[in-house]
Amino acid sequence: QLQLVESGGGLVQPGGSLRLSCAASGFTLDSYYIGWFRQAPGKEREGVSCISISGGSTNYADSVKGRFTISRDSAKNTVYLQMNSLKPEDTAVYYCVAKYWMCPSPGEYDYWGQGTQVTVSS
């Protein structure tokens, strides 16, 4: 079965850190750009970050720039999102998304994970 599986979410205090993982099952990520999206209750889905196939190009939403870092490990067929200095407004379900040879968008993607909950609260 071809799928993306996220992990690493949880409850963390403001100022804390989490690392999300996105592992591919049944296919290799080597030809895919990977994006992270998030959606909080009552809010629209938001693009957080995207990484190119080589990992040499990344981009971030202004709301997370300087706090989040996206990376990939081809040997492990996994993409990561390191989240530091977390704020309550980062609370959301985080999804990883794959698109062949370009950054994905909610309307244009090849694979969409099931999501992992991140809650930032004291």
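The figures here come from the full heavy-atom set of this structure, side chains too, leaving out hydrogens, waters and symmetry mates. Throughout, residue positions are numbered sequentially from 1 according to the sequence presented.
Here the shortest heavy-atom pairing between T116 and G9 reads OG1-N, 3.2 Å. Nearest heavy-atom pair, D110 versus Y100, reported as atom, atom and distance to 0.1 Å: OD2-N, 2.7 Å. Of all heavy-atom pairs spanning A92 and A40, the tightest one is CB-N, 3.8 Å. Of all heavy-atom pairs between C50 and P104, the closest is SG-CD, 4.0 Å. Heavy atoms only, all atoms of each residue included: A61 and G47 are closest at CB-O, 3.4 Å. Closest non-hydrogen pair, I34 versus L29, comes out as CD1-CD2, 3.8 Å.
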Going through the checks in order, is the side-chain hydrogen bond (donor to acceptor under 3.5 Å, both in side chains) test met by S63 and E89?
CA-CA 10 Å; S63 58; E89 50 264 44; over 6 Å; no
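Cation-pi geometry between R45 and F37 is not met: the NZ or CZ atom fails to fall both under 6.0 Å from the ring centre and inside 45° of the normal.
Here the side chain of S49 pairs a donor or acceptor atom with the backbone of N59 at under 3.5 angstrom. Side chain of E6 to main chain of C96: a donor-acceptor pair is present (N/O by atom type, distance under 3.5 Å, no hydrogens or angles). Panel note: side chain T119, backbone T91; no donor-acceptor pair is recorded below 3.5 Å. A donor-acceptor pair under 3.5 Å is absent between the side-chain atoms of R72 and the main chain of Y33, judged by distance alone.
Proximity of S25 to Q1: side-chain heavy atoms (C-beta onward) are nowhere separated by under 4.5 Å. Between R67 and Y60, the closest side-chain pair of non-hydrogen atoms is not below 4.5 Å. In this structure, L4 and F27 have side chains that are in contact, with non-hydrogen atoms separated by less than 4.5 Å. The shortest distance between side-chain heavy atoms of V48 and M83 does not fall below 4.5 Å.
From C22, atom SG reaches atom CD1 of I51 across 11.0 Å, with rounding to the nearest 0.5 Å. In this structure, the separation between CD on E46 and CZ on R38 is 4.0 Å, given to the nearest 0.5 Å. Taking CZ of F68 as the reference point, atom OG of S17 lies at 9.5 Å (rounded to 0.5 Å).
One finds no salt bridge joining K87 and D90 here, because no Lys/Arg side-chain nitrogen approaches an Asp/Glu carboxylate oxygen to under 4.0 Å.
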